[in-house]
Number of protein chains: 2
Amino acid sequence: MEEVLKEQMISEQAVSELAEIFKALGDPTRLKIIHTLLNTELCVHDIVQVLEMGQSAVSHQLRYLRNLRIVKRRKVGKTVYYSLDDEHIEQIFVQMLQHVKHG
Amino acid sequence: MEEVLKEQMISEQAVSELAEIFKALGDPTRLKIIHTLLNTELCVHDIVQVLEMGQSAVSHQLRYLRNLRIVKRRKVGKTVYYSLDDEHIEQIFVQMLQHVKHG
DNA sequence: AATACATATGAATAAATGATCATATATAGT
DNA sequence: ACTATATATGATCATTTATTCATATGTATT
């Protein structure tokens with residue numbers, strides 16, 4: 001019984017990657033950033049205004065999300081515009097949001 | 001600009017719930033448990049065998065998942081069988097797994 | 001009732017995490 | 001060159017988290 005199941009074990013690599021992505025989504029600040037960037041591109045300053053948080057905290061989280069390629073950035077002069085960079089994650093975010101809102 | 005965006009702000013309640021669910025999925029052990037329970041019902045002992053982890057650690061995580069109604073349990077004598085209890089989360093797990101496996 | 005087995009639980013500990021502070025870097029305007 | 005603005009970064013600190021250990025609870029068997 002256990003033998004059969006063990007063979008079907010998910011690879012450590014796969015779990016790690018999965019966990020990494022879900023962990024990224026498992027924080028209120030990062031979720032707010034993602035939500036704010038749905039359908040829009042915004043500079044750090046604007047994100048800070050919307051979230052009403054410190055610039056540093058937001059910047060740190062943006063880097064976190066960028067490392068996972070969940071967001072990408074575009075520099076124009078001294079301002080940096082962030083936008084979502086992973087349609088699939090975007091899709092799962094929206095899906096889960098529906099899940100939470102209704103049933 | 002910021003005014004308009006702030007109005008579209010996601011509610012604190014919604015973010016909290018979202019974060020709670022994603023956080024639950026953001027841990028390797030819990031992901032392995034969920035994966036193991038896909039399409040099956042298993043007792044704690046078997047899960048412990050498959051994950052090759054301490055019984056206590058598994059039990060703690062099962063409680064965690066149960067509190068969020070991600071898994072449910074069924075008692076038969078002295079053994080307790082666990083199974084998945086949220087189709088939507090199950091669906092998102094599978095979706096994300098595909099995402100990670102392929103592109 | 002005594003023992004064995006299955007699961008749960010509380011406390012303790014080490015590691016990870018997120019915000020903040022201070023400061024650095026980069027670009028623009030004067 | 002100087003100043004202002006936008007963003008990034010490193011260190012620190014408090015909190016959270018996951019595992020382990022020891023032990024408790026619950027059930028079956030003899």
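Bear in mind the structure is a predicted one, so any value in this text is a computation, not a measurement. Order of the sequence lines sets the chain letters (A, B, ...), proteins ahead of strands, with each chain counted from 1.
Residue A:I70 comes nearest to A:A24 through the heavy atom pair CD1-CB, 3.8 Å, listed as atom of the first residue, atom of the second, then distance.
Between A:K78 and C:dT25, a side-chain N or O to OP1/OP2 separation shorter than 4.0 Å is absent. For the OP1/OP2 pair of D:dT9 and a distance below 4.0 Å, the side-chain nitrogens and oxygens of A:R63 include at least one atom meeting the criterion. Proximity of B:T79 to the phosphate of D:dT27: no side-chain N or O atom is located under 4.0 Å from OP1 or OP2. Contact check, B:R66 against C:dA8: no side-chain N or O comes under 4.0 Å of OP1 or OP2. Here B:Q61 reaches the OP1 or OP2 of D:dT19: one of its side-chain N or O atoms lies under 4.0 Å away. OP1 and OP2 of C:dT7 both lie 4.0 Å or more from every side-chain N or O belonging to B:R73. OP1 or OP2 of D:dA6 has not a single side-chain nitrogen or oxygen of A:Y82 nearer than 4.0 Å.
Annotation for A:K72: atom NZ counts as buried by contact number, over 12 foreign heavy atoms lying within 6.0 Å.
Between the CD atom of A:Q55 and the P atom of C:dA24 there is a distance of 15 Å, given to the nearest Å. The NZ atom of B:K75 sits 4 Å away from the P atom of D:dT27 (whole-angstrom rounding). Put simply, CG on B:L31 is 15 Å from C1' on D:dT17, counting in whole angstrom units. B:I47 places its CD1 atom 14 Å from the C1' atom of C:dA8, with the value rounded to the nearest Å. What separates CG of B:D27 from C1' of C:dA15 is a distance of 13 Å, to the nearest Å. The CG atom of B:N67 sits 12 Å away from the P atom of C:dA8 (whole-angstrom rounding). If you take NZ of B:K23 and C1' of C:dT17, they are 10 Å apart, rounded to a whole angstrom. B:M53 has its CE atom 8 Å from the C1' atom of D:dA18, to the nearest Å.
The cationic group of A:R74 does not satisfy the cation-pi geometry with A:Y82, failing either the under 6.0 Å distance to the six-membered ring centre or the 45° limit from the ring axis.
The base of C:dT7 has none of its N or O atoms less than 3.5 Å from a complementary donor or acceptor on the side chain of B:H60. Contact of B:S56 with C:dT9 (side chain to base): a donor-acceptor pair of N or O atoms is detected under 3.5 Å.
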Report task. Quick one: do B:Q95 and B:Q98 satisfy side-chain contact (heavy atoms from CB on, under 4.5 Å)? Show the steps, please. Result -> CA-CA 5 Å; B:Q95 241 179 278; B:Q98 295 310 314; 5.9 Å; no

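Between A:R73 and A:E41, none of the side-chain N atoms (NZ, or NE/NH1/NH2) sits under 4.0 Å from a carboxylate O, so this pair counts as no salt bridge.
Of the two residues contacting DNA chain C, namely A:T29 and A:G77, the nearest-nucleotide position lying further toward the 5' end is that of A:T29.
As judged by a 4.0 angstrom heavy-atom cut-off over every strand, B:S59 is placed among the base-contacting residues.
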